[in-house]
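Every chain is numbered from 1, with letters handed out A, B, ... down the list of sequences. Treat the numbers as computed from the prediction; the structure is a model and nothing was measured.
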Amino acid sequence: GENVEQHPSTLSVQEGDSAVIKCTYSDSASNYFPWYKQELGKRPQLIIDIRSNVGEKKDQRIAVTLNKTAKHFSLHITETQPEDSAVYFCAASDSGGSNYKLTFGKGTLLTVNP
Amino acid sequence: KAGVTQTPRYLIKTRGQQVTLSCSPISGHRSVSWYQQTPGQGLQFLFEYFSETQRNKGNFPGRFSGRQFSNSRSEMNVSTLELGDSALYLCASSLDRVSLYSPLHFGNGTRLTVT
C-alpha cells in the first residue's frame, strides 16, 4: 500500500520567513495530493491540493510543488504569520482501481514566532 | 450548509467495554470515512463508506467496525476496548468517493479515553 513520509515533524520560523514542508510517497500510481491544516483543538481543513498532471499550484501565500519522478511534493508558505501556526498534514491518494483511500503523513507542527 | 457533526464530543470508557460513535455528513455528501488520530501518528485511515457499503478498510483489528445508513449518516463501533484505543476519532465526508479529487470535510471529532 501507499506510504507517505513527512518532514520535518516540527518547524519553528520567525514571522515573515518562509516555511517548507516536504513529503514523499511510495506508490507511483498516486495522483492526488492534498494538504490539510489543523489548528490546535480544531478540525483538519483542506488548504490546497494538486493533481499529478500539474507541477505547481499557488494560492496567495501558499504553494505546492510536485515532482512525480522523485515521488515527492512540498508545501511552501511565504511571509508566515502567527495564524499559520498549526499542524500540517500531507496526503496521497490513488484514484485508480477500486481501492480508494487517502494516506496521510504524520504531520508537521509549524510554529511561527512573532 | 451545516458541517460534519460528530457525537459525542467526549467519551470515557473502561477496558473491555464497547463504544459507538456517530457522524452526520454534510447534506448531499455520500462518502463518509473515519480516521484515528493519536499524537505522533497522524491520521490513520479506518474505513470508508459509500452508498451504505464499506468500500475500503485500513489496518485495524476486527474490533473496529462501522456502518452507513441510507441518509449517509455513519456509525463506528469499537468492541472490547483497549487502553491503546484512546484517541481522537475523526469522521470526514466528501461529495464523492474518497480520492476522486473530492475534498474531505472533517468533523470536530470524538475524544475517546479508555481507562
Of the non-hydrogen atoms in B:Val4 and A:Arg43, which two are nearest, and what is the gap between them?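 Shortest heavy-atom separation between B:Val4 and A:Arg43 comes out as O-NH1, 3.8 Å.
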Please find the pair of heavy atoms, one from A:Gln38 and one from B:Leu90, that lie closest to each other, and give the distance.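 In this case the closest contact between A:Gln38 and B:Leu90 is NE2-CD1, 4.5 Å.
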Does any backbone or side-chain atom of A:Gln6 lie under 4.5 Å from a heavy atom of chain B? Answer side chain, backbone, both or neither.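 Neither the backbone nor the side chain of A:Gln6 comes within 4.5 Å of chain B.
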Can you tell me which portion of A:Pro34 sits under 4.5 Å from chain B's heavy atoms? Options are side chain, backbone, both or neither.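 The answer is neither part of A:Pro34.
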Side chain, backbone, both or neither of B:Gln37 within contact of chain A (heavy atoms, under 4.5 Å):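 The side chain, not the backbone.
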Counting only non-hydrogen atoms closer than 4.5 Å, does B:Leu43 touch chain A with its backbone (N, CA, C, O), its side chain (CB onward), both, or neither?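 Both backbone and side chain of B:Leu43 come within 4.5 Å of chain A.
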Can you confirm whether B:Phe45 sits close enough to A:Glu2 that some side-chain heavy atom of one is under 4.5 Å from a side-chain heavy atom of the other?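 No; the side chains remain at least 4.5 Å from each other.
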In terms of heavy-atom contacts, does [atom1] of [X] have more than 12 from other residues, nucleotides or ligands at under 6.0 Å?
X	atom1	result
A:Leu46	CG	yes
B:Asn59	CG	no
A:Glu83	CD	yes
B:Arg15	CZ	no
A:Leu40	CG	no
A:Glu79	CD	no

Please confirm whether the backbone N or O of A:Phe104 pairs with a side-chain atom of B:Tyr35, one donor and one acceptor, at under 3.5 Å?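 Side chain of B:Tyr35 to backbone of A:Phe104: no pair is present.
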